[in-house]
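Side chains are part of it too, since the values below use all heavy atoms of this structure and drop only hydrogens, waters and symmetry mates. The sequence lines fix the lettering, A, B, ..., with proteins before strands; numbering per chain opens at 1.
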Amino acid sequence: DAKTTQPPSMDCAEGRAANLPCNHSTISGNEYVYWYRQIHSQGPQYIIHGLKNNETNEMASLIITEDRKSSTLILPHATLRDTAVYYCIVRVASTGFQKLVFGTGTRLLVSP
Amino acid sequence: DAGVIQSPRHEVTEMGQEVTLRCKPISGHNSLFWYRQTMMRGLELLIYFNNNVPIDDSGMPEDRFSAKMPNASFSTLKIQPSEPRDSAVYFCASSFPSETEQFFGPGTRLTVL
């Protein structure tokens with residue numbers, strides 16, 4: 001199973017872009033990169049996922065390197081409500097369904 | 001849509017007592033997941049149901065834990081007897097079979113004294 005490495009914490013000023021890195025050097029060719037976040041006292045929330053191409057949605061952008069060994073989640077204009085723990089997950093296959101294995105994540109603090 | 005509904009939101013019980021946590025998935029979702037979150041171990045998958053059938057329960061810690069899904073709109077996670085080390089936040093999540101996105105409930109904070 002591929003594993004991910006994320007910095008334990010990051011800071012960002014409100015209104016600036018937050019760039020959260022993730023290393024997944026042992027990722028397999030058919031494994032996707034998922035990002036979830038967990039705001040304090042809430043359940044995790046899906047953000048975005050991708051295989052090899054860059055992806056963008058209303059919440060964020062996902063940049064995956066060409067060798068797929070790392071990726072970056074970009075929150076283009078961070079707000080105070082984006083303060084959360086962000087999890088980078090490589091989806092592993094188990095018994096016919098895609099299990100999500102959460103690591104320790106990056107604690108992002110957005111300050112005024 | 002009300003999202004995934006969990007009850008109770010908070011539960012305080014004494015060691016040895018039976019605890020039942022409840023979950024109502026989003027209507028139309030036929031995959032349901034139970035997770036446990038602690039400071040020490042993070043967020044762990046306990047069990048996964050598809051079409052009301054348990055598919056993978058390898059994360060269930062021991063025989064004191066059991067989960068059921070009697071119909072598509074209801075699931076329970078039972079701990080009997082409960083122990084202090086079971087204190088955690090328990091999350092339920094649901095999704096469509098493609099599982100692009102799992103939708104999590106607000107969680108149940110369990111404290112076993």
Side-chain angles (χ1 to χ4, degrees), chain A residues 1-9 22 30-53 55-62 64 73 81 84-108, chain B residues 2-7 9-10 21 23-26 29-60 77 88-111:
Chain A
D1 294 346
K3 298 185 184 300
T4 62
T5 303
Q6 299 178 253
S9 64
C22 179
N30 61 348
E31 290 180 315
Y32 288 74
V33 180
Y34 279 73
W35 284 84
Y36 278 73
R37 75 179 182 183
Q38 187 173 21
I39 296 171
H40 183 61
S41 297
Q42 297 183 22
Q45 176 191 24
Y46 166 84
I47 301 173
I48 198 168
H49 76 284
L51 182 62
K52 57 178 68 174
N53 297 322
E55 302 288 344
T56 296
N57 63 20
E58 65 278 4
M59 290 183 67
S61 295
L62 174 60
I64 302 175
L73 179 74
R81 290 173 294 181
V85 178
Y86 287 78
Y87 296 97
C88 171
I89 301 165
V90 171
R91 191 174 70 175
V92 297
S94 174
T95 61
F97 80 97
Q98 307 299 311
K99 178 183 290 189
L100 293 176
V101 179
F102 288 82
T104 55
T106 295
R107 187 173 298 275
L108 175 67
Chain B
V4 176
I5 299 173
Q6 292 187 247
S7 64
R9 293 294 311 276
H10 301 273
L21 311 181
C23 174
K24 176 179 170 56
I26 292 173
H29 285 186
N30 59 357
S31 295
L32 184 139
F33 309 81
W34 281 100
Y35 290 84
R36 177 174 68 176
Q37 185 170 36
T38 62
M39 288 294 292
M40 290 295 295
R41 300 177 65 89
L43 195 62
E44 306 172 281
L45 177 65
L46 300 178
I47 188 169
Y48 157 67
F49 290 87
N50 187 48
N51 291 326
N52 311 336
V53 177
I55 302 300
D56 187 340
D57 65 354
S58 59
M60 295 286 267
L77 178 67
V89 181
Y90 290 81
F91 290 103
C92 176
S94 69
S95 74
F96 287 112
S98 62
E99 206 205 319
T100 297
E101 177 179 356
Q102 292 185 18
F103 293 82
F104 284 75
T108 295
R109 181 173 296 276
L110 173 65
T111 303

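Here the straight-line distance linking atom CG of Leu100(A) with atom CZ of Phe33(B) works out to 7.0 Å at 0.5 Å rounding. Between Phe104(B) atom CZ and Gln42(A) atom CD the span is 13.0 Å, to the nearest 0.5 Å. Atoms CG and OG1, on Leu43(B) and Thr104(A) in that order, are 12.0 Å from each other to the nearest 0.5 Å. One finds the CD atom of Glu101(B) at 10.5 Å from the CD1 atom of Ile47(A) (value rounded to the nearest 0.5 Å).
Here Tyr46(A) pairs with Tyr36(A), His49(A) under the ring pair (Phe, Tyr, Trp, His ring centres under 6.0 Å) rule; sequence neighbours left out. The ring pair (Phe, Tyr, Trp, His ring centres under 6.0 Å) test applied to Phe91(B) returns no partner, not counting sequence neighbours.
If you measure heavy-atom distances from Tyr32(A) to chain B, you find no contacts under 4.5 Å at all. Looking at Glu44(B), there are no atoms closer than 4.5 Å to chain A (heavy atoms on both sides), in backbone or side chain.
Between Phe102(A) and Leu45(B) there is no side-chain heavy-atom pair separated by less than 4.5 Å.
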